[in-house]
Structure formats: structure tokens, C-alpha cells
Amino acid sequence: MNKNIEISSIFERIADILELKGENIFKVKAYRKAARIFLEMTDDILSVWKNGKISSIEGIGKSMAEKIDEYMSTGHIRKYSELLAAVPESLLDMLKIQNLGPRTLLIAHEKLGIKDINDLERVIANGQLAAIPGLGDKKVENIKLGIELYKTGKDRISVGLALPVVEDIMVSVSKVSVRSSLAGSIRRMRETIGDVDILAVSNDSASVIDAIVNYPLVKNITARGETKASVIIETYNLQVDLRVVSEGSYGAALQYFTGSAAHNVKLRGLAKDMDLKINEYGVFRGDENIAGRTEEEVYKILNLAWIPPELREDRGEIEAAMHGTLPMLVETGDIQGDIHTHSTYSDGINDIRTIALAAKERGYRYIGICDHSRTSRIAGGMDEEKLKARNEEIDEVQSGIKGIKILKGIEVDILSEGQLDYPDRVLEKLDFVIAAIHQGFSKNAGMRMKKAMENPYVDIIAHPTGRLLSGRRGYELDIEEIIEYAAEKNVALEINSHFDRLDLNDANILKGRAKGARFLISTDLHKIDMFESISLGVGMARRGWLEKKDVLNTYAWEDVPLRRRI
DNA sequence: GCCGTTTTCGGCCCGACTGTTTTCAGTCG
């Protein structure tokens, strides 16, 4: 499966070079599209190639098929090598700098000989860049800002970090608008977001624009027009783009600004085939605006069912909407209980009773207390004695609380040889067992995880890749293989809702779904105010096309299709 | 570079904002 990633990154790089060289932008887009296809497709490109089916993939034509042929048989692509030789790689990385596009970068390279970011900063400082015709002080100022943002790192942050920040901005916007909504990747619930898009309806767009540029945390105003403004706020250097439209265009604008780009391109192509034109103001036949008040209207006029934002990635959702086969996506309200929670018996903040009452308050029908096993000492892992005491306390708390079932679970460590941290006689007495790797990420992680799944008491694998969005790479294993094995052994895969994990993510959930795997959505909470974050996991599940039936904890506890019951 | 029961050539989604321009290119989403 690594071949998918390899070829995807090569094509992405080819696109970078072609773009920099000022090649036809549609050729560049064709390569970027292909890169995305290979990255996201659930099939292994190697086996597709072996079956001679590469050129039957939509978007892959003769030229790209030949390049893949060459790569598979020789290990390299001649054209790629030639392109690489023509452009310093350090230059390509600079394409990520905001406000510095390929045109300007190429001119700076050709006229001033810049090769990397240090060179760029030098020609900015000595005024050479601003002296180039077509540029000027203001443009260079914006490029400087782009460099600053680029250097402070992370161009994308977890959607779970962004949402609480954005909530407060939305309060300011909603005060001065008739209607407002998040749009863009944050509405689609992508695991990470690069900026925040907000759409507002108002007859007085100036006051909405004022509200955003005067928002207390704004540190830069990068654009300020009559209907659109763009600011950067202190928190995470987050860029916030606001657009104001009239009531009649709300649906068209919301559709447009929610994206994704790939989804919109395909949608607009469909419209074109019907002699219609879609823009953010509506759907037009000639000059007549025939739809656009709601998103439903926009989709309906194209003979499509309304598509939930989480699906809008051009992964087959438009075809499904055409044929009436969109999935009935799982919703936060479907969740009947959270079974990955930590109490004071390991590294949680709250006691069992507090957790149970908070869960009941949320309307859950069951709650699973799932502390760490003994080897996770740093996380307060329990020895057998402590586990016994915890289970007794669960019984005691349960006897005082009606209306919610408190379950005895464990997050058991997968040890160095794949054995579990407790013997089977301990595991079998628990209501459920979640197994996880917490140490030795690079030591046979795949083998160990598979061995753990062979234990009949293991119901679920927690955070299956171990990656953290803040930067940790995760376990060294072949996740495809793990997903397939889990599906085969009826072990469920966790969708961990912690903002830094979101593990599994959408791409892996899609792969699991294709293999018939089951999933658990949980918070992995260590304090009760994290119960809310379940919606992040649900968001990932929805992006992975999951329905209620695919998710264990949408069932009443007696009906949860745990492995031991199947 | 890809694609095509109107096309094998000529399209490829569409528009706002900015800055440096005397009408538009570059960048962004």
C-alpha cells in the first residue's frame, strides 16, 4: 500500500514543479487530482497495476499510466528526475508560503537567483524584491507576513482545537447577522483545518465586516472588502475568512464555501452539462437565478439529494446522491454510551460516581469505566488488587444510581511480545476489553497488535495508529493489514475522539468499512467536560461513511455486537 | 494531462480582493 503514497507524493511534486515553471495550470491540476486519487483510494495501486487496470481509473490517462508503469517496473520515472534536476527542491517548499504564488516565486528565482527562504528574506530586506516591476512595498509586506506564518509552523491544526475558538467568533458574527454558519473544511469536519470559513446573511454587510475585523483577538487584517474580509487571530495564528451574502443566496453560498474544491468542481461540471451555471449567488439558467436560498434547492435542481457536508470530498458521494444511495450517516444523538473513560483509579480526574452521573445527565444508557492496566505506570495503571477494588466500587456506585448501566472495562496494554498485561482469567470477568499499545511503538507493533487480536477476550483496539496530530508519527505498522485482520477477527476498531488523536481517521475508516469492520466511537476522556468531544469522533465516522449499524455504541448494551457475543 | 452519444480539439468552476495598474495579473479559496 505504500506504493499509493509513493506515487501520490511523486505526482504532487511533479505538479509543484510544473506549476512553478508556469506550465498549463490544467496540467498541474491533472497531476494534483491524480495524486489525491492515489492517496485516497482504498485499493492497493500495485495490485490495480498488476491487473492492468490503471488507466480505467477516472482521471488517469495514457501519460500517467505510462509513468506508473515505468515506476513499477524500474523504480523511477525519467520525466520526474528531469524535472527535479531543473528546479532546486528548496524552492518547491516555498510554494506553501502564503501570498507568495508560483509566478512571483519563479520571477524571484530567475531574476534574483533565490533558492531558499533565506535568499528570499535577503532580497526582501535589501529592497530587491519590491523593485521588480509588478511588485511593490505592499505586496512584499504581505509576503513577509506569509513567511512569518510559514515559520511559526503548523499550517493546519486539529479541528477539535479550532472549534472552541471559532464558537466565540460565531457569537460575535451572529449578533450582527440574520443568519450565519461555518463553512469550508471545518463544516466538513476534516481532521485538520488550515483556516476557518464563515458565511453570514445580512443586508448591512459593512457591520458584519466590522464585527470580524474588530474582533478582540485579531492581529492582522489581510483583506477587507465590501462582502468579504480575512483576518488572522492570535490563537493558533488561525486565519478566519468571512463572507457576507443576501438571504436569497444563502444556500448557494453555503454550498459554494463548504466545498471541497473537488466536490464543487464536479458539481459545476454537472451543472454545465445541463446548461446551468452555479456560483455563490445561485444557480443560473442564462441570466435567471433559479435556485439558491437553501442548499437543498441547489442539489435538487441538479437532480441530487442533499449531501451531508462530511461527505463532500468527491469520493463517490455525488454519484450516490444521483442514485439515491447515500448512507444514513451515524449521528451524535445515536450514541448510547461511551465506554472508553478513565477514572481516578488510573489517570482520570473524576471518580466513578461523578463520571456515571455526568453520563446519565447526557442521556447515555451505559458508561464504561476503562482504566489503564498495570504496565502503564505513568498513567496510574492498576495492579490486580486495585482493579478488584475498582470493580467493587463500580458495584457500589451502581447500587445507588438508576437509569444508567456502569460497565467494567479495561484499556489493557499490549506488551513487548504481543501478550496482554493481565491473564485471561482477569480479562474474562470484565464486561469488555480494549487493547492498546502504549510503549515500544517501533518494536514489532504490527505483529503485537495482531497477536493481541487473537486473544478471544479482546473486543476493541484503541487508537489503532497511535499517531498524534500534534506531530507523533504513531506505531510502525501496516495499518491496512491491521484493519483487515480486525475485520476478519471481528475485533472492533476505535475512533478515538481526542482532538489530538482522531484515530482512526476518515481514510482508514473508509478502508475498514470496505473490509466490513466494526467501530467504536469513544472520547478516551480523563475528565467529564470531555464528554462533548464525542462529536469529533462522530464527525470522523461520518466522513468515513459510517451508519449507525457500523458503530458498536449505538446499540443498547445487551445488543452491542461485541466480538465475544458474535 | 484528461476527456468526449453534440467534441479527438478545445475546453477544463467561478469570483473577490489587492496592488500596481491606466485595464489587469496574481493569489486565494
Side-chain angles (χ1 to χ4, degrees), chain A residues 11 14-15 17-19 22-35 37 54-68 79 95-108 130-143 145-146 149 155 183-188 193-199 205 209 213 221-232 239-245 249 252-253 255-284 298 302 314:
Chain A
F11 278 24
I14 291 176
I17 301 170
L18 293 177
E19 183 171 24
E23 264 279 6
N24 182 334
I25 192 66
F26 297 104
K27 190 193 267 195
V28 174
K29 285 181 176 184
Y31 274 107
R32 290 210 198 286
K33 185 179 173 188
I37 289 169
I54 289 289
S55 31
S56 57
I57 301 170
E58 194 192 327
I60 310 303
K62 187 158 170 282
S63 166
M64 292 195 203
E66 280 172 8
K67 290 188 177 66
I68 290 166
K79 166 149 181 191
L95 283 169
K96 291 201 187 78
I97 298 172
Q98 275 194 45
N99 305 322
L100 175 68
R103 306 296 309 152
T104 311
L105 189 54
L106 184 65
I107 291 169
I132 288 178
L135 292 172
D137 288 340
K138 290 245 179 128
K139 282 205 168 182
V140 171
E141 270 309 304
N142 282 332
I143 293 170
L145 176 66
L149 293 173
D155 44 355
S185 54
I186 202 166
R187 181 168 180 241
R188 301 200 313 277
I193 58 143
D195 57 25
V196 175
D197 295 298
I198 298 174
L199 179 69
S205 63
I209 300 288
V213 299
I221 301 169
T222 48
R224 179 182 193 167
E226 285 182 14
T227 63
K228 184 178 163 178
S230 190
V231 300
I232 290 165
Q239 178 173 325
V240 181
D241 296 330
L242 171 75
R243 186 68 186 268
V244 189
V245 296
S249 297
Q255 195 291 314
Y256 181 73
F257 291 111
T258 297
S260 64
H263 176 89
N264 283 2
V265 165
K266 186 166 266 189
L267 212 62
R268 264 141 234 274
L270 276 186
K272 221 179 167 73
D273 293 343
M274 298 169 68
D275 277 326
L276 300 173
K277 184 180 78 168
I278 309 180
N279 59 27
E280 58 263 58
Y281 302 112
V283 182
F284 292 83
V298 174
L302 301 172
D314 188 22

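Reminder, nothing fancy here: chain letters follow the sequence lines and each chain counts from 1. Since we're looking at a predicted model, the values are computed, not measured. Side chains are part of it too, since the values below use all heavy atoms of this structure and drop only hydrogens, waters and symmetry mates.
- For the pair A/R188 (side chain) and A/T258 (backbone), a donor-acceptor distance under 3.5 Å is present.
- As rounded to whole Å, 6 Å separates atom C1' of B/dC13 from atom CZ of A/R268.
- Along DNA chain B, the nucleotide closest to A/G134 and the one closest to A/V265 are compared, and the more 5′ of them pairs with A/V265.
- No more than 12 heavy atoms of other residues, nucleotides or ligands lie within 6.0 Å of NZ in A/K138, so this atom counts as exposed by the packing criterion.
- Closest to the side chain of A/Y281, out of B/dC14, B/dA16, B/dG19, is B/dA16.
- In summary, the side chains of A/S230 and A/Q239 do present a donor paired with an acceptor at a separation below 3.5 Å, with no hydrogens or angles considered.
- In this structure, CD of A/E226 is placed 10 Å from P of B/dT18, rounded to the nearest angstrom.
- Between B/dC9 and B/dC17, the distance separating the two C1' atoms is 35 Å to the nearest Å.
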Base-contact (B) and sugar-phosphate-only (S) positions in nucleotides 23-29 of chain B, heavy-atom cut-off under 4.0 Å, - elsewhere
---SSSB
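- Checked by atom type, the side-chain pair A/N142/A/Q98 shows no donor-acceptor distance below 3.5 Å.
- The number of heavy atoms from other shown groups lying within 6.0 Å of CG (A/D137) does not exceed 12.
- Between A/I143 atom CD1 and B/dT18 atom P the separation is 16 Å, expressed in whole Å.
- Note: CG (A/N264) to P (B/dC14) measures 11 Å, nearest angstrom.
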At under 4.0 Å between heavy atoms, which parts of nucleotides 1-10 of chain B does protein reach? Answer with one letter per nucleotide, 5' to 3': B base, S sugar-phosphate only, - none.
BSS-------
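- The residue A/K266 sits apart from the nucleic acid: no heavy atom pair falls under 4.0 Å.
- By the 4.5 Å heavy-atom criterion applied to side chains, A/L267 and A/Q255 are counted as neighbours.
- Nucleotide B/dC2 forms a pair with B/dG11, judged by Watson-Crick or G-U wobble geometry with both contacts under 3.5 Å.
- With rounding to whole Å, A/K272 atom NZ is found 10 Å from B/dC14 atom C1'.
- When each of B/dC13, B/dT18, B/dG15 is scored by its nearest atom to the side-chain atoms of A/N142, the top-ranked nucleotide is B/dT18.
- At a threshold of 4.0 angstrom between heavy atoms, the contacts of A/L267 with the nucleic acid are absent.
- At whole-Å resolution of the value, CG in A/L270 and P in B/dC12 are 15 Å apart.
- B/dC2 sits 14 Å from B/dT7 when the C1' atoms are compared, rounded to a whole Å.
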